[in-house]
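Being a predicted model, the structure only gives us computed values, none of them experimental. Throughout, protein chains are lettered first and strands after them, A, B, ... in sequence-line order, and every chain is numbered starting at 1.
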There are 2 protein chains.
Amino acid sequence: MKERTLENTDADCRETLIAFATPLFAEKGFNGVSVREIAGYASVNVSMISYYFGGKEGLYAAVLNEQFGVLKRVAEIRTMEIDPLKKFELYVRATVARYRRNPYLLRFYTSELTNPTPCFVTIVKPAIQGVVKILQETFADGLSHHQFREGLDPTDTALALAGMINFYFLLEPATGELVDHSPERDEELIQHIMDIFTRGVLK
Amino acid sequence: MKERTLENTDADCRETLIAFATPLFAEKGFNGVSVREIAGYASVNVSMISYYFGGKEGLYAAVLNEQFGVLKRVAEIRTMEIDPLKKFELYVRATVARYRRNPYLLRFYTSELTNPTPCFVTIVKPAIQGVVKILQETFADGLSHHQFREGLDPTDTALALAGMINFYFLLEPATGELVDHSPERDEELIQHIMDIFTRGVLK
DNA sequence: TAGTGTTAAACAAACGTTTGAACAAGGATC
DNA sequence: GATCCTTGTTCAAACGTTTGTTTAACACTA
């Protein structure tokens with residue numbers, strides 16, 4: 001039996017594998033990494049992957065589950081009793097914070113969108129649809145209160161807002177030298193996007 | 001020597017390989033497809049890939065070169081003598097048309113952004129930077145003519161517009177049931193995005 | 001004959017997974 | 001307290017496939 005100190009100093013094999021597999025899967029994609037590479041970085045025997053996760057796909061699924069778990073918190077916006085516009089701002093702020101806190105999430109996000117694995121249907125797609133539905137709903141709410149201009153489609157508008165903020169982070173590898181992507185500028189970016197969006201949709 | 005009819009009915013090995021490799025690379029990623037799979041679909045011997053392209057990477061580079069070649073035409077907007085806002089609309093329309101005409105471009109686009117191959121630096125990054133620069137420049141032009149509100153950062157605004165239109169297509173695999181992505185709705189989408197953007201940036 | 005295109009077969013290397021032995025710890029039995 | 005057995009964990013080694021690439025022979029044209 002493995003001992004478990006209070007500080008959790010013992011290298012818990014399961015969690016070590018997830019920790020080392022995450023950046024590797026994120027940067028090279030599922031097929032770009034070998035189980036030996038992961039095990040090597042984690043200083044763990046290769047067979048541990050099959051032992052704990054039933055195989056490479058199982059480890060990948062575990063990584064993705066951990067990554068997309070944070071997206072469920074977007075649902076908290078739904079129940080809040082605040083202005084729809086404030087909800088959108090909250091979403092934008094939460095998105096920025098999410099990407100800063102977890103630099104690999106967006107990679108899994110887009111990697112699964114473009115080259116889906118079996119995990120796409122079970123993990124990624126439901127997570128994305130959840131977010132889109134909330135944004136749609138929020139805009140429809142504002143529309144019914146005559147807060148936004150009529151004629152605007154809730155879906156198009158929701159995707160437009162999500163696109164502005166997500167695309168900024170997605171393009172970072174290509175525009176790193178052209179654009180200042182430092183976290184210090186995040187606040188400016190958020191206000192910028194909310195500024196354009198607000199003027200764009202308000203009555 | 002291979003014979004070459006006027007109708008080009010003979011299966012030109014080089015172009016056949018590119019034609020069959022394109023959807024495969026796009027849907028599964030560089031590491032998700034094997035050379036045997038490509039050769040099988042193309043009904044061509046495996047060794048032809050090394051013979052014509054020097055290897056798998058060479059074939060992939062040829063595919064990417066063909067795909068990203070169309071992005072160079074964005075530069076045509078630069079020289080036009082029209083309103084900056086009209087230039088933005090032209091960019092949005094051209095982008096939609098580009099994705100409709102070539103359903104694989106966006107996949108290579110984002111696949112290279114998230115899991116870059118050696119082609120990213122040589123092909124993808126320059127192409128993306130070229131587009132971003134033109135959008136930046138266009139907005140700065142409008143700013144200097146006091147057409148747009150002051151205080152708006154040209155880069156953030158350019159990326160915001162690009163994000164709105166690109167993200168819509170990127171999310172299609174996940175929101176297919178939630179959103180109508182049919183080409184018939186393209187015109188509505190374009191006007192929608194331009195509507196939000198125009199009101200968002202205009203003085 | 002020389003040169004180009006195409007083929008099936010073979011190449012070493014890497015792939016994900018499985019194996020069986022070894023090990024350490026906890027509880028039960030004497 | 002010493003012994004045994006069970007259970008969970010780890011290991012090096014080997015498994016059979018598949019990987020990308022190369023080879024040598026062949027067909028055809030100029």
- Query: Going by atom types only, do Tyr99(B) and Asn166(B) share a side-chain donor-acceptor pair under 3.5 Å?
  - Reply: yes
Please write out each protein N/O paired with an N/O of nucleotides 15-18 of chain C under 3.5 Å, distance rounded to 0.1 Å.
residue, atom, partner, partner atom, Å
dG16(C), OP1, Val33(A), O, 3.4
dG16(C), OP1, Lys56(A), NZ, 2.6
dG16(C), OP2, Val35(A), N, 2.8
dG16(C), N7, Arg36(A), NH1, 2.8
dG16(C), O6, Arg36(A), NH2, 2.9
dT17(C), OP2, Lys56(A), N, 2.8

Report task. Using modelled atom types only, decide if a donor and an acceptor are shared between the side chain of Arg185(B) and the backbone of Asp180(B) within a distance under 3.5 Å. Result -> yes
Q. When you check the phosphate oxygens OP1 and OP2 of dT6(C), does a side-chain N or O of Tyr52(B) lie under 4.0 Å from one of them?
A. yes
**Asked** So, does Ser34(B) use its side chain to make a donor-acceptor pair with the main chain of Glu37(B) at under 3.5 Å?
**Response** yes
When the rotation axes relating C1' atoms of four end pairs to the next four are compared across the helix from dT1(C)-dA30(D) to dC30(C)-dG1(D), five pairs an end, they differ to 10° by 10°
To the nearest angstrom, the NZ-P distance between Lys28(B) and dT18(D) comes to 14 Å
note: Ile38(B), atom CD1; dG20(D), atom P; distance rounded to Å ~ 8 Å
What do you reckon, are the aromatic ring centroids of Phe30(A) and Tyr60(A) less than 6.0 Å apart? yes
For Ala26(B), the side chain to side chain contact (heavy atoms under 4.5 Å, CB included) test, sequence neighbours excluded, returns Tyr104(B), Arg107(B), Phe108(B)
| Is a donor on one side and an acceptor on the other found under 3.5 Å between the side chain of Ser50(A) and the backbone of Ser47(A)? | no
On the 0 to 90° scale, with breaks at 30° and 60°, tag the Phe148(A)-Phe88(A) ring pair as parallel, tilted or perpendicular.
tilted
In whole angstroms, the gap separating C1' of dT9(D) from CG of Leu17(A) amounts to 13 Å
Rounding to 0.5 Å, atoms CD1 (Ile165(B)) and CD1 (Ile193(B)) come to a distance of 4.0 Å
